[in-house]
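Written out below as structure tokens is the structure these notes cover.
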Amino acid sequence: MELLIADIRREVGDVPVLLAGVPPLDYFPALPQPLSFVLGARSAALERASLELVKRLKGVVFVPFLIERANCDELFCADGFHPSELGYSEWARQLAGAMSSELK
């Protein structure tokens, strides 16, 4: 991830970078146990690694994908894996809010 950010900045300059968090994969309705548990643990580990990365890099902001387990079913399409229109809208809202804060 660090190399990717460095490569992007080499191409476009020293721009702010939003590092989008991975949705909590254990929330995905289509993923059965134990796969749900394993992928949830992996997404949590990636989030922790992303948080450590942004501590070292100037101008990089981590934006976690925040959803509540109790109200997340409407954020998924019928397949239980891909985001619904509402899911994409919520993700975009969170990213736009972070970018707006970063540019102030």
Side-chain angles (χ1 to χ4, degrees):
M1 190 67 67
E2 191 168 353
L3 292 174
L4 177 60
I5 292 168
D7 285 347
I8 290 169
R9 286 184 165 162
R10 234 183 326 279
E11 289 292 320
V12 298
D14 191 24
V15 296
V17 173
L18 290 182
L19 185 55
V22 177
L25 295 172
D26 50 326
Y27 286 23
F28 285 38
L31 298 176
Q33 290 296 345
L35 181 60
S36 174
F37 175 80
V38 171
L39 292 179
R42 295 297 299 157
S43 64
L46 182 55
E47 181 161 326
R48 288 189 302 275
S50 297
L51 287 167
E52 289 301 314
L53 179 65
V54 300
K55 290 178 185 176
R56 296 193 320 268
L57 298 178
K58 178 182 158 252
V60 179
V61 176
F62 178 68
V63 185
F65 189 79
L66 303 174
I67 59 175
E68 294 180 29
R69 183 183 286 274
N71 301 322
C72 71
D73 285 344
E74 66 272 8
L75 299 177
F76 292 94
C77 285
D79 68 3
F81 186 81
H82 293 93
S84 65
E85 185 176 328
L86 179 62
Y88 278 119
S89 294
E90 178 58 25
W91 195 9
R93 186 189 65 73
Q94 292 176 23
L95 292 170
M99 180 55 88
S100 177
S101 295
E102 180 64 19
L103 293 177
K104 286 183 181 178

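Note on Leu57 and Leu95: separate hydrophobic clusters, where clusters join Ile, Leu, Val, Met, Phe, Trp and Tyr whose side-chain heavy atoms are under 4.5 Å apart, directly or indirectly. In the hydrophobic clustering of ILVMFWY residues, with side-chain heavy atoms under 4.5 Å counting as a link, Leu46 and Leu25 come out together. Residues Leu35 and Phe37 are members of separate hydrophobic clusters, defined by side-chain heavy-atom contacts under 4.5 angstrom among Ile, Leu, Val, Met, Phe, Trp and Tyr.
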Task: Pair Arg42-Val22, side chain to side chain contact (heavy atoms under 4.5 Å, CB included): steps then yes or no - done: CA-CA 10 Å; Arg42 295 297 299 157; Val22 177; over 6 Å; no
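Of all the heavy atoms in Phe62 and Gly21, the pair that sits closest is CE1-CA, 3.5 Å. In plain terms, the two heavy atoms of Asp73 and Pro29 that are nearest each other are OD1-CG, 4.1 Å. Of all heavy-atom pairs between Glu90 and Leu66, the closest is OE2-O, 4.5 Å. Nearest heavy-atom pair across Ser84 and Glu74 is OG-O, 2.7 Å. Summarising the geometry of Val54 relative to Leu51, their closest heavy-atom pair is CG2-O, 3.2 Å, with the distance given to 0.1 Å.
In this structure, CG on Asp14 lies 12.5 Å from CD1 on Ile8, to the nearest 0.5 angstrom. With values rounded to the nearest 0.5 angstrom, Phe81 atom CZ is found 6.0 Å from Leu31 atom CG. A distance of 12.0 Å separates CD in Gln94 from CG in Leu18, rounded to the nearest 0.5 Å. Between Arg10 atom CZ and Ile5 atom CD1 the span is 12.0 Å, to the nearest 0.5 Å.
With sequence neighbours left out, the salt bridge (Lys or Arg N to Asp or Glu O under 4.0 Å) criterion links Glu85 to no other residue.
For Glu11, the CD atom is loosely surrounded, since the number of other residues' heavy atoms within 6.0 Å does not exceed 12. For Leu4, the CG atom counts as densely surrounded, since its 6.0 Å shell holds more than 12 non-hydrogen atoms of other residues, nucleotides or ligands.
With hydrogens and angles disregarded, no donor-acceptor distance shorter than 3.5 Å links the side chain of Glu2 to the backbone of Leu53.
At a threshold of 4.5 Å between non-hydrogen side-chain atoms, the residues Met1 and Ser50 do not count as touching. Side chains of Arg9 and Val17 form a contact here, defined as non-hydrogen atoms less than 4.5 Å apart.
Applying the side-chain contact (heavy atoms from CB on, under 4.5 Å) test between Phe65 and each of Ser43, Pro24, Pro83 identifies Pro24 as the sole match. The residue from Pro23, Cys72, Ser36 that alone fulfils the side-chain contact (heavy atoms from CB on, under 4.5 Å) condition with Phe28 is Pro23.
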